[in-house]
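What follows is one structure encoded as structure tokens, with my remarks underneath.
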Amino acid sequence: MATRLRARGAALIALIATALALPAVPVAGAPAPISILSVSAENVKPGDTVRLRVRVTNTGNRTETAIVVIGGGLRCATGCRAEPSLKPGQSFDLEATLVAPTVSPNVTTGLNISAAVRLGEQNSFDHKMVYVHGPGTSSPDAEEPSTDVVRVAGRVRDSDGKAVGGAALTVRDSAGHEYRTTSDRSGRFSIKSSAGKPIAAGPITIIVALDGYRTTRATVTGTAGDTASTLVTLAAVAPPTKTPPSPEAAASSTPAADEASEPETSEAAAVPPAVKAVSDESSSFLLFTILGGLLIAGGMGALALVIRRRRAPN
């Protein structure tokens, strides 16, 4: 039994040594017997955890027990060995957890993660380089500290502490950038910084306006990499009061005054249209014509009477 274990251990050591020494040579036109699918990080610090995902495929013509071993320069924590039984064409995914070792200060070391498999009489492997950055060095994956405010958020309420929804908000940062939003039904609002329009750190002015309330202005200090929060209280605008009329004004507003204020109807409008009057000259001429006619008629009558008397026998 001991001899068998020593033989298997020697085979595993030889398998790992071969994996670290030789490059991966996948069979053309066929899936590789083993391949590293993903590595959680390629730049780490001492003590960081690296998650590895490996896929093993039986490329032979019969069922085989695949001996899978994960090794290399990182210390194996979990999932670094498996022996699945695979049918022809069947695949198996293995997930392992590795830990980056300690390296000297101001030193960056590149270490291989190796995944090896023995299927039948064939050994195959794949590898991935991971860089461990010692104290005093910077990792390419390390994010630079943000110089912008993450977001501006808050709540709008009235003088009684009730939420005010539908209020229009204008947010202006220290760089002069303006952002607009509206408070929701619970009075809350939020504006998130983005790469295209970041919110600069420093004093941030918030202007809130809504019909029926006084426009309110508030200022909050925004810190880089943090959220600026504020609470805005709106004061309602009092409705205009109606002043009752004075007694003198009430007395002057009598029915007689109302009647007097009504427009008068002209008498000419009430009188039907009269016959057009003739001028004085025309009237005098007409009068003399009538009198003359009467005198002539009278004269003619007298003359006829005289003639009649002369012809009459005595």
Side-chain angles (χ1 to χ4, degrees), residues 5 8-60 64-86 89-147 150 195 224-225:
L5 291 176
R8 174 170 292 187
L12 290 176
I13 293 173
L15 179 60
I16 295 174
T18 303
L20 294 175
L22 299 176
V25 184
V27 178
I34 189 168
S35 59
I36 296 176
L37 300 180
S38 64
V39 176
S40 61
E42 296 182 12
N43 291 277
V44 296
K45 296 180 180 180
D48 285 353
T49 298
V50 178
R51 293 180 299 277
L52 181 73
R53 189 162 176 257
V54 177
R55 175 167 295 173
V56 178
T57 304
N58 184 359
T59 58
E64 297 283 358
T65 297
I67 303 175
V68 187
V69 179
I70 307 298
L74 277 70
R75 179 174 61 83
C76 180
T78 59
C80 293
R81 176 185 170 86
E83 295 186 14
S85 178
L86 302 177
Q90 186 179 2
S91 297
F92 171 79
D93 288 353
L94 175 68
E95 293 186 359
T97 302
L98 309 171
V99 179
T102 300
V103 296
S104 301
N106 302 317
V107 173
T108 297
T109 301
L111 301 174
N112 262 325
I113 298 177
S114 178
V117 63
R118 181 176 181 84
L119 275 168
E121 301 299 327
Q122 181 182 1
N123 295 332
S124 302
F125 67 94
D126 194 6
H127 67 277
K128 186 73 175 179
M129 181 71 74
V130 173
Y131 296 91
V132 183
H133 301 266
T137 60
S138 59
S139 170
D141 292 342
E143 296 183 358
E144 296 182 0
S146 175
T147 59
V150 175

What's the separation between atom [atom1] in [X] and atom [atom2] in [Y], rounded to the nearest 0.5 Å?
| X | Y | atom1 | atom2 | answer |
| --- | --- | --- | --- | --- |
| L74 | I113 | CG | CD1 | 5.0 Å |
| K128 | S38 | NZ | OG | 10.0 Å |
| Y131 | N43 | OH | CG | 8.0 Å |
| F125 | I70 | CZ | CD1 | 13.0 Å |
| E64 | R118 | CD | CZ | 10.0 Å |
| T49 | L52 | OG1 | CG | 13.0 Å |

Would you check if the side chain of [X] reaches a backbone N or O of [Y] as a donor-acceptor pair within less than 3.5 Å?
| X | Y | value |
| --- | --- | --- |
| D126 | A115 | no |
| S35 | A32 | no |
| S91 | T57 | no |

Point to revise | Between S114 and H127, a side-chain donor and acceptor under 3.5 Å | key: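 Judged by distance alone, the side chains do not pair up.
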Check your understanding: Does a donor on one side chain sit under 3.5 Å from an acceptor on the other, for S85 and T65?
Key ->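 Result is no, nothing qualifies.
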**Study point:** Side-chain heavy atoms of V44 within contact of V130, under 4.5 Å
**Key:**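 Yes, side chains in contact.
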Check your understanding: Does R53 have any salt bridge (charged side-chain N to carboxylate O under 4.0 Å, His left out) partners at least two apart in sequence or in another chain, and if so, which?
Key ->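 With neighbours one apart ignored, the set is D93, E95.
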Grab the two heavy atoms, one from [X] and one from [Y], that are nearest each other, plus how far apart they are.
| X | Y | value |
| --- | --- | --- |
| V50 | A41 | CG1-O, 4.0 Å |
| A82 | P84 | C-CD, 3.5 Å |
| Q122 | P33 | NE2-CG, 4.3 Å |
| L119 | N58 | CD1-CA, 3.9 Å |
| K45 | V132 | C-CG1, 4.1 Å |
| C80 | L98 | SG-CD2, 3.7 Å |

Review point. So L94 and R81, side chain to side chain contact (heavy atoms under 4.5 Å, CB included) or not? Walk me through it.
Key: CA-CA 9 Å; L94 175 68; R81 176 185 170 86; over 6 Å; no
Check your understanding: So I34 and V68, side chain to side chain contact (heavy atoms under 4.5 Å, CB included) or not? Walk me through it.
Key -> CA-CA 9 Å; I34 189 168; V68 187; 4.1 Å; yes
